[in-house]
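In what follows, chains carry the letters A, B, and so on, assigned in the order in which the sequence lines appear, proteins first and then strands, with residues in each chain numbered from 1.
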Number of protein chains: 2
Amino acid sequence: MASEESAKRRRAGRPKQNVLSPRLIHETALRLIDRHGVEGAGMRAIAAELGVRPSSLYNHVAGQAELIAGVRDLVSERIPTAPFAELPWDAALEQWALGYRLAFASHPPTIALLAVQPLDPDSSTSFMYDAVAAGLVRAGWPQERALSVIVAFECFILGAALDLAADPAMLDPGRRGDVPAFSAVYRARSEALEASGTSPADDAFGIGLRAMLAGLRAEYAALAAQKNDDRRRS
Amino acid sequence: MASEESAKRRRAGRPKQNVLSPRLIHETALRLIDRHGVEGAGMRAIAAELGVRPSSLYNHVAGQAELIAGVRDLVSERIPTAPFAELPWDAALEQWALGYRLAFASHPPTIALLAVQPLDPDSSTSFMYDAVAAGLVRAGWPQERALSVIVAFECFILGAALDLAADPAMLDPGRRGDVPAFSAVYRARSEALEASGTSPADDAFGIGLRAMLAGLRAEYAALAAQKNDDRRRS
DNA sequence: GTGGTAAACGAACGGGGTTCGTTTACCGGC
DNA sequence: GCCGGTAAACGAACCCCGTTCGTTTACCAC
């Protein structure tokens with residue numbers, strides 16, 4: 001009675017049916033991150049959630065760094081890139097930004113992980129870049145410009161995702177009187193947003209996204225005009 | 001000969017002259033971060049650098065979280081906000097972005113720290129926001145819009161700073177053939193940048209900054225036109 | 001069968017941040 | 001001029017973490 005059914009402690013030795021797999025470990029890690037934050041998703045916690053000893057994880061995952069990379073891929077796989085096949089470049093870029101941000105908005109604590117760690121080249125993230133790059137070039141963006149446009153755009157999205165994960169009251173100046181202009185705009189924003197029902201992060205993201213797209217459209221138009229000019233001149 | 005001059009081991013008890021101070025600890029931490037990265041700047045390493053036992057640090061700093069916040073303040077204090085007093089809003093924003101990014105570019109590993117941790121409201125960072133907010137409102141931006149413009153702009157800057165800290169080869173598709181469009185734009189950018197001598201991160205930052213400013217100018221103009229319209233109508 | 005591979009356990013290791021008690025110096029008041 | 005409280009250093013622990021290593025057991029191929 002002390003060995004089998006209630007405590008379900010597994011004895012040493014390979015089990016008849018495999019208990020773990022890389023995929024299962026990654027998904028469990030993501031679930032724990034969502035539930036308890038990053039610090040609640042250590043090796044020991046993941047093992048406990050799976051009813052397993054920590055050392056067993058190392059039969060399927062090289063270490064924590066690789067595990068985090070796996071979780072990141074799990075999240076970024078859900079960023080849709082389909083828009084680039086059917087929409088004009090600017091509308092596609094907009095949809096991409098929305099999907100990108102949404103994917104990480106569902107798992108706020110992972111954003112800091114993605115932002116810092118480098119992505120391994122074999123991961124599926126490269127396919128995302130491929131789809132975006134193809135869309136931009138097909139629309140007429142110069143080859144040597146396309147990647148920097150993508151990176152610049154991604155900078156904004158990533159920053160917005162971080163902002164999304166931050167504490168909403170992070171900026172609150174409170175009752176201090178030594179920053180009057182800051183306090184005034186903070187209060188004005190709070191009231192305006194409460195009336196319209198949108199969150200601070202969404203509002204800033206919307207403004208930035210519109211600005212970025214408008215600016216890129218202007219640059220695109222200028223490039224097209226210059227190209228026309230060159231052709232006429234020759 | 002075993003007690004005083006060579007090993008310079010300090011005996012227990014309060015020393016005649018204080019050895020530590022919060023400021024000194026923060027500066028040492030920043031120096032170690034610059035020299036050895038984040039993982040080389042733990043409590044024990046900071047103590048060793050100061051010739052002190054780890055526990056002594058806790059007489060001046062509550063814990064690692066507070067220490068990190070202090071380091072972040074140390075860096076962000078160096079972001080100049082003077083431009084807002086003398087330049088038009090858009091030129092000031094541009095200068096702010098350049099200074100902001102430069103401040104963290106000097107200490108790449110700190111970027112990830114700033115991005116994630118919330119800032120305590122009493123810190124000097126609030127003064128930065130105050131200066132920026134005052135500049136925007138004075139230029140005519142509506143009170144309830146100003147903060148979201150600032151946050152959106154900061155999202156981009158922060159993302160760009162993270163990009164700056166990332167491995168330059170992070171995106172390199174290498175020789176794989178399954179992402180042709182991505183490989184093509186990567187190669188095209190490499191060649192173009194090598195010719196002009198600018199770094200990938202700088203290029204993307206420049207493009208994004210121009211786009212963001214152009215977009216905000218357009219929004220500003222639209223708001224001004226609408227305001228004029230309202231006035232004429234009434 | 002028999003040996004090799006692989007997946008689980010279990011016990012340790014090393015290194016982090018942190019706490020607590022002790023020792024010593026300064027400082028303010030009787 | 002002593003005397004007690006506060007504060008700053010030490011030193012030894014504590015707990016938690018990621019990780020490694022040896023052992024045990026199951027499967028599989030020859």
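For B/D34, the salt bridge (charged side-chain N to carboxylate O under 4.0 Å, His left out) criterion is met by no residue, not counting sequence neighbours. Annotation: side chain to side chain donor-acceptor pair (under 3.5 Å) contacts of A/T110 (sequence neighbours excluded): none.
Residues of residues 39-50 of chain B that place a heavy atom closer than 4.0 Å to DNA chain C, in numerical order, are B/G42, B/M43, B/R44.
Atom CZ of B/R35 has more than 12 heavy atoms from other residues, nucleotides or ligands within 6.0 Å.
Using a 4.5 Å heavy-atom threshold, the side chains of A/R145 and B/I207 count as touching.
Rounded to whole angstrom, the span from the CG atom of A/L20 across to the P atom of C/dC9 amounts to 8 Å. Protein atom CD of B/Q64 is 13 Å distant from nucleotide atom C1' of D/dC17, rounded to whole Å. Between A/N18 atom CG and D/dC27 atom P the separation is 9 Å, expressed in whole Å. The separation between A/I25 atom CD1 and D/dT19 atom P is 13 Å, rounded to whole Å. Rounded to whole Å, atom P of C/dT22 lies 16 Å from atom CG of B/N59.
Note that CZ of B/R72 is 13.0 Å distant from CG of B/L30, once rounded to the nearest 0.5 Å. Between atom CZ of residue B/R101 and atom CG of residue B/L158 there is a gap of 12.0 Å, rounded to the nearest 0.5 Å.
Distances shown here put every side-chain N or O of A/H60 at or beyond 4.0 Å from the OP1 or OP2 atom of C/dA6. The side chain of B/R53 places no N or O atom within less than 4.0 Å of a non-bridging phosphate oxygen (OP1 or OP2) of D/dA9. Of the side-chain N and O atoms in B/S56, one or more sit less than 4.0 angstrom from OP1 or OP2 of D/dC10.
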Show the distances under 3.5 angstrom between N or O atoms of the protein and N or O atoms of nucleotides 26-28 of chain C.
from, atom 1, to, atom 2, distance (Å)
C/dC26, OP1, B/K16, O, 3.1

Using the 3.5 Å cut-off, write out each protein N or O paired with an N or O of nucleotides 20-22 of chain D and the distance between them.
none

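Closest non-hydrogen pair, A/S126 versus B/R176, comes out as OG-NH1, 3.3 Å.
A donor-acceptor pair is defined here as one N or O able to donate and one able to accept, closer than 3.5 Å; such a pair exists between the side chain of B/S106 and the backbone of B/L102. Without hydrogens or angle criteria, A/D163 side chain to A/A201 main chain gives no donor-acceptor distance under 3.5 Å.
Here ring pair (Phe, Tyr, Trp, His ring centres under 6.0 Å) pairs that include residues 148-173 of chain B, with residues two or more places apart or in two chains, are B/F156-B/F205.
Note on B/R23 versus B/E27: salt bridge recorded, some NZ/NE/NH1/NH2 to OD/OE distance being below 4.0 Å.
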